[in-house]
Amino acid sequence: MLVRPSYVLGGRDMAIVFDQQMLEAWLDKHLEALGHPVLIDQFLDDAFEIDVDALCDGERVTIGGIMQHIEEAGVHSGDSACVLPPYKVSYYHVEIIREYTERIGKALGVRGLFNIQFAIKDEVVYVLEVNPRASRTVPFVSKATGIPLARYAAEIAAGRTLAEIGFLEEPRVDGFFVKEAVLPFQKFPGVDARLGPEMRSTGEVMGHASSFGHAFAKAELAANTALPDSGTVFISVNNFDKGAVVKIARDLHQLGFELMATEGTASLLRSVEIPARTINKVSDGSPHVVDAIRAGEIQLIINTPRGGQAHYDGGLIRGAAALYNVPIITTLSAATAAVQGIKAVRTKPLRVRSLQIHHGL
């Protein structure tokens, strides 16, 4: 379940709880201090989110951009990387999202910008929330499309219609634009770098290219978490992710990376003929993965913890990764994107082009 105060900004004090014990611990910690009702929602596990920014003049709706989050649902939208246009959403689901956006905008009578967050799970499109205001993604969408959404919203607020402005069609996006969050963990040693419902980022960057892989690689480079082109990848995933991590590990092995894993993940990889060196969990004693990070033996970390001891170990791993500037990935969807980025850069080196040239300004 997802638990949160009824009044929340930036996901403050929100949490995903997996059992009764975690729920009671969260309530004991937060209930008295909050002084407000607590909202308890069903959490859509293994879903992915879509963000939509749109304009409405009270009569007509025009979508500015549809973005797909790269991290799964459960990571705050301000911390999740996202891509415009969506790179793994079917045309069928995109059309449903467009229809829902138009119907909701008109029903609310919005005059200006509004943002809707959707989730897709088991082929069903869910509406998570609607914000009748500009969102943090508006500058990103405006730069990607070349459309001044904030200016148009101001004109609508002053009485003009979308028809008078001349903005009646969703803009076409040329190539791929990836927004990546900039996280502050290097400046705060000891703080757990795991992402969740509470927003942690302090800024964001953007990468653009004709392919998704190149755009993602550029965004990671700009966020100071450049993807490695060789070396050792440490993999430790929870039991729910073990089936899906095999393809990622095989791709990394075929790209020439050495694989290092904790006992359970290493045994799984070797059972499907993917070579992996076993290393201790932190809780099993030295030599363990944090020792290897300190020694400079690991160039990329894929770590998806679940459960009490795993989260404790994961916190130490993420803290060491931030301290020694080793890129760390905490969701398998982001790991898949990283593999695509590494493959793309191996195939063709990165090129630079300004947004002004791209939009012909």
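Sequential numbering from 1 along the given sequence is applied to the chain's residues.
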K.L.:
For a 4.5 angstrom cut-off between non-hydrogen side-chain atoms, does Val289 reach Ile298?
P.N.:
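With C-beta onward as the side chain, the pair touches.
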K.L.:
How about Ile293 and Phe234: do any of their side-chain heavy atoms sit closer than 4.5 Å?
P.N.:
no
K.L.:
Between atom CD1 of Ile235 and atom OG1 of Thr304, what is the distance when rounded to the nearest 0.5 Å?
P.N.:
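Answer rounded to 0.5 Å: 10.0 Å.
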K.L.:
Is it true that Gln340 and Thr336 share a donor-acceptor pair across their side chains at a distance under 3.5 Å?
P.N.:
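Judged by distance alone, the side chains do not pair up.
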K.L.:
Does any non-hydrogen side-chain atom of Leu2 lie less than 4.5 Å from one of Gln42?
P.N.:
no
K.L.:
Is it true that a side-chain atom of Thr137 and a backbone atom of Phe140 form a donor plus acceptor pair closer than 3.5 Å?
P.N.:
no
K.L.:
What distance separates Asp241 CG from Ser333 OG, expressed to the nearest 0.5 Å?
P.N.:
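Interatomic distance, Asp241 CG to Ser333 OG, rounded to 0.5 Å: 9.5 Å.
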K.L.:
Between Glu220 and Thr225, is there a side-chain donor-acceptor contact under 3.5 Å, judged purely by atom types and distance?
P.N.:
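Yes, Glu220 and Thr225 have a side-chain donor paired with an acceptor closer than 3.5 Å.
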K.L.:
Do Leu227 and Val178 sit in one hydrophobic cluster, given that two such residues count as connected whenever their side-chain heavy atoms are within less than 4.5 Å of each other, even indirectly?
P.N.:
yes
K.L.:
Apply side-chain contact (heavy atoms from CB on, under 4.5 Å) to Ile70 and Phe48, showing your working.
P.N.:
CA-CA 8 Å; Ile70 292 172; Phe48 59 93; over 6 Å; no
K.L.:
Just verifying a value: how many Å separate Leu39 CG and Asp41 CG, rounded to the nearest 0.5 Å?
P.N.:
6.0 Å
K.L.:
Indicate yes or no: at least one non-hydrogen side-chain atom of Phe118 is less than 4.5 angstrom from one of Ile96.
P.N.:
no
K.L.:
Any heavy-atom pair between the side chains of Ser142 and Ile147 that's under 4.5 Å?
P.N.:
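A side-chain contact under 4.5 Å is absent here.
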K.L.:
Per the side chain to side chain contact (heavy atoms under 4.5 Å, CB included) rule, which among Ile328, Val326, Val233 passes with Leu300?
P.N.:
Val233
K.L.:
Using a 6.0 Å cut-off, check whether atom CZ of Arg60 has over 12 heavy atoms from anything other than its own residue.
P.N.:
no
K.L.:
For Glu102, is there an ion pair with Arg98 - N to carboxylate O distance below 4.0 angstrom?
P.N.:
no
K.L.:
Could you walk me through whether Glu169 and Ile63 pass side-chain contact (heavy atoms from CB on, under 4.5 Å), step by step?
P.N.:
CA-CA 7 Å; Glu169 292 185 0; Ile63 291 174; over 6 Å; no
K.L.:
Does Glu59 have more than 12 heavy atoms from other residues, nucleotides or ligands lying within 6.0 Å of its CD?
P.N.:
no
K.L.:
What closest approach, in Å, do Ile301 and Ala321 show between heavy atoms, and which atom pair accounts for it?
P.N.:
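Nearest heavy atoms, Ile301 then Ala321: CD1-CB, 3.7 Å.
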K.L.:
Find out whether Leu252 and Arg250 are in side-chain contact, i.e. whether some heavy atom of one side chain is under 4.5 Å from a heavy atom of the other.
P.N.:
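No. Closest side-chain heavy atoms not under 4.5 Å.
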K.L.:
When you compare the side chain of Tyr87 with that of Gln68, does any pair of heavy atoms fall below 4.5 Å?
P.N.:
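When only atoms from C-beta onward are counted, Tyr87 and Gln68 do touch, with a gap below 4.5 Å.
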K.L.:
Do Val110 and Ile104 sit in the same hydrophobic cluster, where Ile, Leu, Val, Met, Phe, Trp and Tyr count as joined when their side-chain heavy atoms come under 4.5 Å apart?
P.N.:
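Yes, Val110 and Ile104 fall within the same hydrophobic cluster.
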K.L.:
Treating Ile, Leu, Val, Met, Phe, Trp and Tyr as nodes and any side-chain heavy-atom pair under 4.5 angstrom as an edge, say whether Leu355 and Leu350 lie in one connected cluster.
P.N.:
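No, no single cluster joins them.
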K.L.:
Are Leu168 and Val52 connected in a single hydrophobic cluster, I mean Ile/Leu/Val/Met/Phe/Trp/Tyr linked by side-chain heavy atoms less than 4.5 Å apart?
P.N.:
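Unlinked, Val52 and Leu168 end up in two clusters.
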K.L.:
With no hydrogens and no angle check, is any side-chain donor or acceptor of Lys121 less than 3.5 Å from a backbone partner on Tyr126?
P.N.:
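No: the side chain of Lys121 does not pair with the backbone of Tyr126.
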K.L.:
If you look at every heavy atom in Leu259 and Pro275, which pair is closest and at what distance?
P.N.:
CB-O, 3.7 Å
K.L.:
Let me confirm one number: the CD-OG distance from Gln299 to Ser230, rounded to the nearest 0.5 Å.
P.N.:
7.0 Å
K.L.:
Looking at Lys179 and Met206, would you say the former's side chain and the latter's main chain have a donor-acceptor pair under 3.5 Å?
P.N.:
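Absent.
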K.L.:
Are Arg270 and Thr278 close enough that a side-chain donor and a side-chain acceptor fall under 3.5 Å?
P.N.:
yes
K.L.:
Just wondering, are more than 12 heavy atoms of other shown residues or ligands nearer than 6.0 Å to NZ in Lys247?
P.N.:
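Incorrect, the count does not exceed 12.
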K.L.:
Atom CG in Asp53, atom CG in Leu84: separation rounded to 0.5 Å?
P.N.:
9.5 Å
K.L.:
Look only at the side chain of His253 and the backbone of Ala276, and say whether a donor-acceptor pair between them is shorter than 3.5 Å.
P.N.:
no
K.L.:
Any salt bridge linking Asp57 with Arg160? Criterion: basic side-chain nitrogen under 4.0 Å from a carboxylate oxygen.
P.N.:
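Answer for the salt bridge query: no.
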K.L.:
Considering non-hydrogen atoms only, spot the tightest contact between Val237 and Lys242 and give its length.
P.N.:
O-NZ, 3.0 Å
K.L.:
Rounded to the nearest 0.5 Å, what separates atom CD1 in Ile97 from atom CG in Asp51?
P.N.:
10.5 Å
K.L.:
Answer yes or no: is there a donor N or O on one side and an acceptor on the other, between the side chain of Arg346 and the main chain of Asp229, under 3.5 Å?
P.N.:
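Yes: the side chain of Arg346 pairs with the backbone of Asp229.
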K.L.:
Applying side-chain contact (heavy atoms from CB on, under 4.5 Å), run through Phe257 and Ile342 and close with a yes or a no.
P.N.:
CA-CA 11 Å; Phe257 286 89; Ile342 293 168; 4.0 Å; yes
K.L.:
Answer with yes or no whether the side chains of Asn280 and Thr262 bring together a donor and an acceptor at under 3.5 Å.
P.N.:
no
K.L.:
Counting only N and O atoms by type, is there a donor-acceptor contact under 3.5 Å from the side chain of His214 to the main-chain atoms of Lys348?
P.N.:
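Yes: the side chain of His214 pairs with the backbone of Lys348.
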K.L.:
Would Leu268 and Ile302 show up in the same hydrophobic cluster when neighbours are defined by side-chain heavy atoms closer than 4.5 Å?
P.N.:
yes
K.L.:
So, His358 versus Phe177, ring centres under 6.0 angstrom or not?
P.N.:
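Judged by ring-centre distance (under 6.0 Å), His358 and Phe177 do meet the cut-off.
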K.L.:
What is the minimum heavy-atom distance between Gly175 and His208, and which atoms define it?
P.N.:
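Answer, listing the atom of Gly175 first, then His208: CA-NE2, 4.3 Å.
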K.L.:
Going through the distances and angles, do Asn115 and Val130 end up as a side-chain contact (heavy atoms from CB on, under 4.5 Å)?
P.N.:
CA-CA 6 Å; Asn115 169 268; Val130 184; over 6 Å; no
K.L.:
Where the side chain of Ser267 meets the backbone of Glu263, is there a donor-acceptor pair that is under 3.5 Å apart?
P.N.:
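Side chain of Ser267 to backbone of Glu263: a pair is present.
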K.L.:
Quick one: does Pro85's side chain get under 4.5 Å of Phe176's, heavy atoms only?
P.N.:
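Contact flag for Pro85/Phe176 side chains = yes.
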